[in-house]
Amino acid sequence: MWRAASKQVIRTVGSSVSDLSPLAKQLHASPGSKKIVGVFYKANEYAAKNPNFLGCVERSLGIREWLESQGHQYIVTDDKEGPNSELEKHIPDLHVLITTPFHPAYVTAERIKRAKNLQLLLTAGIGSDHIDLKAAADAGLTVAEVTGSNVVSVAEDELMRILILVRNFVPGYQQVINGEWNVAAIAYRAYDLEGKTVGTVGAGRIGKLLLQRLKPFNCNLLYHDRLKIDPALENEIGAKFEEDLDVMLPKCDIIVINTPLTEKTRGLFDKERISKLKKGVLIVNNARGAIMDTQAVVDACSSGHIAGYSGDVWNPQPAPKDHPWRYMPNHAMTPHISGTTIDGQLRYAAGVKDMLDKYFKGEDFPQQNYIVKEGKLASQYL
């Protein structure tokens with residue numbers, strides 16, 4: 001799995017680790033109080049509406065009392081961009097940074113270079129591409145995420161988006177709120193899911209769960225991945241492995257993106273690849289926005305080559321008000337919400353606490369949680 005990779009200010013009492021070797025920095029917390037910074041989205045008035053709403057600034061994963069009772073500093077903010085941001089103030093002396101894909105703090109090589117005390121980068125959720133992983137590996141940092149914490153959440157959301165696109169749901173909803181009634185304007189492009197060919201680009205934890213949930217719909221299921229699914233599960237699901245991505249894609253009525261964002265997958269769906277897809281294809285992307293060429297998606301939706309595009313990931317995030325995906329036709333986009341259900345938050349909050357506890361005790365994390373360990377990247381990010 002592993003290959004070598006070429007608004008308060010609190011002073012921390014913790015000792016510097018800049019003189020420790022990279023390996024020591026990864027495996028053990030240095031003695032003393034730690035400065036831990038979390039970057040999450042603000043819930044504002046919604047924080048009080050659900051006591052289990054843990055993934056926001058106001059609830060801070062529910063770990064503040066636990067951390068402070070052990071003498072650690074815990075600073076939480078949503079202010080993450082620019083030289084005057086709250087996060088930037090704490091980069092020089094933080095020991096642990098907790099980030100989330102839903103409100104990503106972009107951990108660049110430059111930030112890593114200035115973070116002299118930094119030992120550990122934790123992702124509350126799954127997907128750590130907002131971190132410069134090579135720079136983290138070169139600096140001897142540990143990067144880990146709560147693997148599996150919200151895979152059910154995302155797979156269910158993908159299934160919902162497939163049905164929304166296939167049944168042409170959004171225009172019908174818009175008719176209702178606009179006081180209109182025109183069945184023909186919806187029905188002319190509404191279909192059954194049964195019998196359609198659905199292909200997933202990536203069949204890891206989320207991709208497999210999606211395929212399992214699609215089986216009762218009697219679809220023709222295809223998947224492309226670096227590795228084949230276990231033969232028994234593949235047979236149970238009835239999915240067919242496609243070794244060549246460009247052979248699979250033109251067969252698909254519906255394409256679902258389930259691959260991590262890496263240098264190999266960035267811009268994977270460019271103008272040329274999209275032009276080879278079946279005319280009228282539907283695409284669901286809850287993986288990462290940068291896997292798609294933004295303008296190529298807009299152009300294909302406008303021409304009708306892509307008949308519907310839905311997802312919750314954008315490039316960048318949060319999406320600016322003038323992001324063209326907000327205004328292109330035939331879309332069913334939302335903010336990045338699929339993996340931050342209340343159930344998902346409970347799981348990734350518990351996972352972060354467990355890893356912090358192990359970090360303080362000098363214990364290893366669950367192996368599947370590591371994205372960077374001992375200077376090496378997990379294979380899916382190579």
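Just the heavy atoms: all of them, side chains too, but no hydrogens, waters or symmetry mates, feed the values below.
- No donor-acceptor pair under 3.5 Å is formed between the side chain of Asn235 and the backbone N or O of Pro231.
- In the model, Tyr370 has no side-chain atom that pairs as donor or acceptor with a side-chain atom of Glu145 under 3.5 Å.
- Under 3.5 Å, the side chains of Thr147 and Arg205 contain no donor-acceptor pair of N or O atoms.
- Of the possible polar contacts, none joining the Ser60 side chain to the Gly62 backbone as a donor-acceptor pair under 3.5 Å is found.
- At a threshold of 4.5 Å between non-hydrogen side-chain atoms, the residues Leu210 and Glu156 do not count as touching.
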Residues Met355, Asn369; criterion side-chain contact (heavy atoms from CB on, under 4.5 Å); working and verdict: CA-CA 9 Å; Met355 286 193 288; Asn369 287 10; 3.4 Å; yes

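- Of the N and O atoms on the side chains of Glu68 and His72, not one donor lies less than 3.5 Å from an acceptor on the other residue.
- Here the shortest heavy-atom pairing between Lys264 and Leu268 reads O-CD1, 4.3 Å.
- Annotation: side chain of Ile98 is not in contact with side chain of Val37 (no heavy-atom distance under 4.5 Å).
- Judged by distance alone, the side chain of His323 and the main-chain N or O of Asn315 form a donor-acceptor pair under 3.5 Å.
- Here the shortest heavy-atom pairing between Ile126 and Gly148 reads CG2-N, 3.8 Å.
- In plain terms, the two heavy atoms of Leu211 and Leu222 that are nearest each other are CD2-O, 4.2 Å.
- The pair Lys228-Glu243 does not count as a salt bridge, with every side-chain nitrogen at least 4.0 angstrom from each carboxylate oxygen.
- Salt bridge present: Arg288 and Asp129 bring a charged side-chain N and a carboxylate O closer than 4.0 Å.
- No donor-acceptor pair under 3.5 Å is formed between the side chain of Arg161 and the backbone N or O of Val284.
- Pro324 places a side-chain heavy atom less than 4.5 Å from the side chain of Thr294.
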Worked check of salt bridge (charged side-chain N to carboxylate O under 4.0 Å, His left out) between Arg347 and Asp343: CA-CA 6 Å; Arg347 290 189 291 266; Asp343 302 285; 5.2 Å; no

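- The existence of a salt bridge linking Asp138 and Lys134 is confirmed by a sub-4.0 Å separation between a basic side-chain nitrogen and an acidic carboxylate oxygen.
- Glu110 and Lys113 are not joined by a salt bridge, as no carboxylate oxygen comes within less than 4.0 angstrom of a charged side-chain nitrogen.
- You'll find the side chain of Leu193 reaches within 4.5 Å of the side chain of Leu163, heavy atoms only.
- Contact record, Ser153 with Thr341: OG-OG1, 3.1 Å, taken as the closest heavy-atom pair.
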Side chain to side chain donor-acceptor pair (under 3.5 Å) assessment of Ser338 paired with Asp157: CA-CA 6 Å; Ser338 64; Asp157 187 273; 4.6 Å; no

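- Counted by atom type alone, Glu158 and Asn286 present zero donor-acceptor pairs between their side chains at under 3.5 Å.
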Full working for side-chain contact (heavy atoms from CB on, under 4.5 Å) between Ser33 and Gln73: CA-CA 7 Å; Ser33 171; Gln73 314 277 349; 3.9 Å; yes

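- One hydrophobic cluster, built from ILVMFWY side chains closer than 4.5 Å, cannot hold both Leu282 and Ile255; they sit in different ones.
- Using a cut-off of 4.0 Å between Lys/Arg side-chain N and Asp/Glu carboxylate O, Asp293 and Lys271 are scored as not salt-bridged.
- In summary, the side chains of Asn330 and Tyr309 do not present any donor paired with an acceptor at a separation below 3.5 Å, with no hydrogens or angles considered.
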Worked verdict on Ile36 versus Leu94 for side-chain contact (heavy atoms from CB on, under 4.5 Å): CA-CA 6 Å; Ile36 299 162; Leu94 58 80; over 6 Å; no

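- Counted by atom type alone, His90 and Lys35 present one or more donor-acceptor pairs between their side chains at under 3.5 Å.
- Using a 4.0 Å cut-off between a side-chain N of Lys or Arg and a carboxylate O of Asp or Glu, Lys358 and Asp354 qualify as a salt bridge.
- Aromatic pair Phe241/Tyr223: centroids less than 6.0 angstrom apart.
- Of the possible donor and acceptor atoms, one in the side chain of Gln175 sits under 3.5 Å from a partner among the backbone N and O of Asn182.
- Aromatic ring centres of Trp314 and His336 lie farther apart than the 6.0 Å criterion allows.
- Between the side chain of Lys34 and the backbone N or O of Tyr74, no donor-acceptor pair lies under 3.5 Å.
- Side-chain atoms of Arg189 do not come within 3.5 Å of backbone N or O of Asn168 as any donor-acceptor pair.
- Thr265 places a side-chain N or O within 3.5 Å of a backbone atom of Pro260 that can act as its donor or acceptor partner.
- For the pair His103 (side chain) and Asp78 (backbone), a donor-acceptor distance under 3.5 Å is present.
- Side chains of Gln119 and His95: a donor-acceptor N/O pair is absent below 3.5 angstrom, by distance only.
- Pairs engaging residues 319-339 under the salt bridge (charged side-chain N to carboxylate O under 4.0 Å, His left out) rule: none recorded [sequence neighbours left out].
- The heavy-atom pair separating Leu121 from Leu141 by the smallest distance is CD1-CD1, 4.0 Å.
- Judged by distance alone, the side chains of His130 and Thr99 do bring a donor and an acceptor atom under 3.5 Å apart.
- The closest donor-acceptor contact from the side chain of Glu58 to the backbone of Asn44 lies under 3.5 Å.
- Residues Tyr41 and Thr340 bring a donor and an acceptor atom of their side chains to less than 3.5 Å of each other.
- With 3.5 Å as the limit, one finds a donor-acceptor pair spanning the side chains of Thr200 and Asn258.
- Taking all atoms of both residues into account, the shortest heavy-atom contact from Ile131 to Thr123 is CD1-OG1, 4.2 Å.
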